[in-house]
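Below: the structure, in structure tokens.
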Amino acid sequence: MGSYPFAYDHSQPYMQQVSDWIADIFYEILPEAGFEVRDEQIYMAFQLERAFAEKQTIFAEAGVGTGKTLVYLLYAICYARLTKKPAIIACADESLIEQLVKPGGDIEKITRHLDLAIDARLAKSPDKYVCLVKLDEARFGHEDTGLYRELYEGLPEFVHTREAMQSFYAYGDRKNYPHLNNEQWDKVSWDAFQDCFVCDKRHRCGQTLSRDSYRRSTDLIICSHDFYMEHVWTYEGRKREGQRPLLPEHCTVVFDEGHLMESAAQKALTYKLKHIVFEELVVRLLKGEVRETLAVCIDQAIEQSELMFDILESCCQPIPGSDRKQIVMNDRLLREIHRLCDILSQIEEELVFESEMFTLNDYQLKIVEEHLEMMQKALALFRNDQAFICWATESITGLSLVIMPRTVKEVLKEQVFSSKMPIVFSSATLSVEGSFDYVADSLGLDKYLSFSVASPYDYAERMEVIAPTWSSGGTFEEKLETAVQLLKRTEGRALILFPTFEELRKFKREIQSRSDCADLHFLFEGDQEISHLIASFQGDEHTVLGAVSLWEGLDVPGPSLSNVIVWALPFPPQDPVFMAKRQAAASPYEEVDIPYMLLRLRQGIGRLIRTREDSGLIAIFSEELHHNEQLREHIVRILPVGVSLKAGV
């Protein structure tokens with residue numbers, strides 16, 4: 001690794017030579033191997049040259065079929081070898097990661113056709129790995145204990161012993177357990193409430209071993225948006241604690257499906273508080289000999305936390321179609337939050353005196369101090385009612401309070417865009433009706449390069465888009481009946497995109513009673529690990545796949561996907577995050593709802609045609625677009641050139 005993939009002349013600008021080499025690849029080398037010359041792909045390559053040469057941020061909007069992934073991979077590899085630091089490829093989710101590294105994927109194509117060895121390693125999010133502590137709880141629990149005992153017995157031998165490890169390998173990846181549905185996986189996977197710092201299994205943990213592996217990559221590290229932003233936000237804190245950052249020093253970042261970056265940034269900045277976790281943490285301080293004043297403060301904090309969460313529960317209202325609960329703020333709840341903040345400050349002051357007496361374990365003390373600091377940062381947001389967004393979630397261990405800053409622009413600007421390295425946002429949908437303002441504003445970017453190239457495919461000949469009409473306004477029953485007709489028309493071979501898991505589960509229940517669909521095989525997101533689910537869908541041509549999150553990233557060329565049903569226009573949900581966005585907008589519908597919906601709808605439509613030979617049907621289920629001329633015009637404008645919107649089935 002590390003050698004230049006071409007004869008590098010040190011007297012000439014490096015990136016210009018990279019651009020020339022890539023042009024040779026697209027004009028000569030790949031066409032000789034059977035690839036077509038794509039003008040759109042070559043145009044993109046020349047645009048990226050400037051971004052890498054000048055270390056700028058660029059919005060690279062390139063339609064389906066332009067081969068944009070090959071372009072940014074080649075630039076990233078060359079830049080990594082120049083700087084002797086790996087490049088980060090951050091994908092929107094784990095399914096996109098799998099698409100990139102799968103057999104026959106773009107990395108393998110580069111390796112095979114250019115005879116170029118590439119060191120590409122995966123850095124998956126912690127929640128994609130088995131947590132050994134939660135696995136112990138699950139296998140001695142009340143549900144599916146046989147399933148979890150089998151999982152435990154299948155772990156590598158070194159996990160079960162305390163002897164020095166002679167040989168080991170990464171294990172515990174979600175992908176290795178495709179038979180578990182999402183609910184079963186959640187019972188054994190890592191979550192934010194796991195205290196890894198004091199876990200006696202951490203050195204044998206699958207995610208820890210995986211981290212040691214990917215950090216040694218010399219070319220590419222492939223991770224999710226969430227994981228990259230988690231690295232950014234925890235960078236300073238981990239260094240203070242004497243830990244290594246989640247990712248090593250790197251030379252560039254490519255955000256694939258970059259229009260989804262804002263939500264990843266918000267998620268990474270989110271604080272999660274839970275009474276039971278807080279109580280378990282602070283009582284550790286009482287195990288040693290501590291002064292009475294500290295012990296009293298700890299008891300007060302536990303009582304206050306319990307009181308605050310009791311009041312919080314009474315202030316929660318369910319949000320239809322969401323597992324989040326809206327918190328209706330009132331003076332009493334704010335008063336109890338501020339009271340807890342004051343007690344936490346007293347504990348922090350007491351710990352300063354206690355640490356000077358050397359009566360507390362330094363390691364345990366550091367962990368508690370870090371947690372208290374995190375809680376203070378989170379709860380301090382409540383002192384300014386314009387500074388935060390919050391909601392609650394429910395689980396068997398009680399209520400969780402989730403808090404995030406209202407905007408991430410300032411943090412992104414300071415910790416990501418000021419890094420003086422090339423940053424690429426790549427997607428087929430970065431602009432809204434020709435403008436990049438919506439995505440740029442959401443990220444706080446005021447200086448950037450941009451370009452847009454359309455797909456080379458003949459959509460007018462290969463795609464039909466319909467918007468069915470109904471006599472009763474588009475009830476669930478009418479949608480179901482129409483969907484069945486469409487599924488019969490294409491003999492399965494369909495992707496149904498739902499707005500929520502609630503709608504997906506209702507469809508799943510109802511379709512099972514339809515005898516006229518007995519010959520169709522249905523798959524649903526959440527029933528299995530996502531990449532396994534996609535492979536099953538692609539491998540069985542007459543299958544129907546129902547999903548909520550596969551508006552982006554699903555790449556299934558050929559007849560297996562000949563029908564995309566959009567169950568409802570993908571407007572943003574009525575959850576606290578988008579409620580806050582709407583409150584901050586002068587015209588919420590035009591500034592928030594419409595741009596979000598159009599970007600997501602364009603992505604959903606893009607699942608259908610993946611090669612020149614593909615063809616099929618897009619069905620958009622929306623009664624409103626038949627009565628709202630402005631909405632209809634928005635949708636018509638985002639359709640591929642030559643494609644019209646028709647009524648009927």
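Under the 30°/60° scheme for interplanar angles, the aromatic rings of Phe255 and His225 are found to stand perpendicular. The aromatic rings of Trp567 and Phe507 lie perpendicular to each other, with more than 60° between the two planes, well past the 30° mark.
Between Tyr152 and Asp136, the shortest heavy-atom contact is CE1-OD1, 3.9 Å. Contact detail for Glu525 and Leu550: the closest heavy-atom pair is OE1-N, 4.5 Å. Closest approach of Leu523 to Leu533, counting heavy atoms only: CD1-O, 3.8 Å. Scanning both residues, Pro576 and Arg324, for their nearest heavy atoms gives CD-CD, 4.5 Å. Residue Leu379 comes nearest to Ile403 through the heavy atom pair CD2-CD1, 4.3 Å, listed as atom of the first residue, atom of the second, then distance. The shortest heavy-atom contact between Cys297 and Ile343 is O-CG2, 3.7 Å.
Counting heavy atoms from C-beta outward, Phe621 and Val566 have side chains that stay 4.5 Å or more apart. The side-chain heavy atoms of Ser400 and Lys272, taken from C-beta on, include no pair separated by under 4.5 Å. Put simply, the side chain of Phe388 does not reach to within 4.5 Å of the side chain of Pro405, judged on heavy atoms. Residues Tyr228 and Leu247 are in side-chain contact: their nearest non-hydrogen atoms beyond the backbone lie under 4.5 Å apart. By the 4.5 Å heavy-atom criterion applied to side chains, Thr429 and Arg600 are not counted as neighbours. Side chains of Leu497 and Ile565 form no contact here, defined as non-hydrogen atoms less than 4.5 Å apart. Looking only at side-chain heavy atoms (C-beta outward), Leu412 and Met261 come within less than 4.5 Å of each other. Side-chain atoms of Asp593 and Pro572, non-hydrogen and from C-beta on, do get closer than 4.5 Å to each other.
Residue Thr234 holds its OG1 atom at 10.5 Å from CE of Met229, rounded to the nearest 0.5 Å. If you take CD on Gln317 and CD1 on Ile319, they are separated by 9.0 Å, rounding to the nearest 0.5 Å. The distance from atom NE2 of His627 to atom CD of Glu624, rounded to the nearest 0.5 Å, is 9.0 Å. Once rounded to the nearest 0.5 Å, the distance linking CG of Asp310 with NE2 of His275 reads 8.5 Å. Atom SG of Cys341 is separated from atom CG of Leu372 by 11.0 Å, given to the nearest 0.5 angstrom. The CG atom of Leu340 sits 5.5 Å away from the CE atom of Met308 when rounded to the nearest 0.5 Å.
Remark: Glu394 CD is packed, more than 12 non-hydrogen atoms of other residues, nucleotides or ligands lying under 6.0 Å away.
Side-chain atoms of Lys274 and Ser395 include a donor-acceptor pair closer than 3.5 Å. Side-chain atoms of Gln184 and His179 include no donor-acceptor pair closer than 3.5 Å. Using modelled atom types and a 3.5 Å distance limit, the side chains of Gln603 and Glu257 yield a donor-acceptor pair. For the residue pair Ser305/Glu279, the side-chain donor-acceptor check at 3.5 Å is not satisfied.
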Please test Thr397 against Val277 for side-chain contact (heavy atoms from CB on, under 4.5 Å), starting from the C-alpha separation and ending with a verdict.
CA-CA 10 Å; Thr397 56; Val277 174; over 6 Å; no
Before giving the answer on side-chain contact (heavy atoms from CB on, under 4.5 Å), spell out for Gln304 and Glu336 the whole-Å C-alpha distance, their side-chain angles and the decisive distance to 0.1 Å.
CA-CA 7 Å; Gln304 183 63 25; Glu336 300 306 336; 2.7 Å; yes
Yes or no on ring pair (Phe, Tyr, Trp, His ring centres under 6.0 Å) for His338 and Phe382, after CA distance, side-chain angles and deciding distance?
CA-CA 8 Å; His338 298 332; Phe382 285 91; 7.7 Å; no
I would like to know whether Ser431 and Glu433 meet side-chain hydrogen bond (donor to acceptor under 3.5 Å, both in side chains); could you show each step before the answer?
CA-CA 6 Å; Ser431 66; Glu433 298 179 331; over 6 Å; no
Please walk me through it: do Arg291 and Glu350 pass side-chain contact (heavy atoms from CB on, under 4.5 Å)?
CA-CA 9 Å; Arg291 291 174 302 117; Glu350 292 290 338; 2.6 Å; yes
Could you walk me through whether Cys91 and Ser224 pass the side-chain contact (heavy atoms from CB on, under 4.5 Å) test, one step at a time?
CA-CA 5 Å; Cys91 301; Ser224 65; 5.8 Å; no
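The side-chain contact (heavy atoms from CB on, under 4.5 Å) test with Lys124 singles out one residue from Arg211, Arg174, Lys175, Gln207, and that residue is Lys175.
In this structure a side-chain-to-backbone donor-acceptor pair under 3.5 Å is missing from Ser472 to Thr475. Here the side chain of Ser435 pairs a donor or acceptor atom with the backbone of Asp437 at under 3.5 angstrom. The backbone N or O of Leu631 lies less than 3.5 Å from a partner atom in the side chain of Asn628, making a donor-acceptor pair. In this structure a side-chain-to-backbone donor-acceptor pair under 3.5 Å is missing from Thr145 to His142. Side chain of Ser189 to backbone of Trp185: a donor-acceptor contact under 3.5 angstrom is found.
Here the two rings, on Tyr235 and His231, have centers that are under 6.0 Å apart. Taking the six-membered ring for Trp, Trp190 and Tyr129 have ring centres at least 6.0 Å apart. The six-membered or imidazole ring of Phe578 lies near that of Tyr596, with a centre-to-centre distance under 6.0 Å.
At a threshold of 4.0 Å, the pair Arg383-Asp342 counts as salt-bridged, since one of the basic side-chain nitrogens sits closer than that to a carboxylate oxygen. No salt bridge links Asp441 with Lys409; every basic N to acidic carboxylate O contact stays at or beyond 4.0 Å. A salt bridge links Glu143 with Lys187: the closest approach of a Lys/Arg side-chain nitrogen to an acidic carboxylate oxygen falls below 4.0 angstrom. Between Lys377 and Glu373, at least one side-chain N (NZ, or NE/NH1/NH2) sits under 4.0 Å from a carboxylate O, which counts as a salt bridge.
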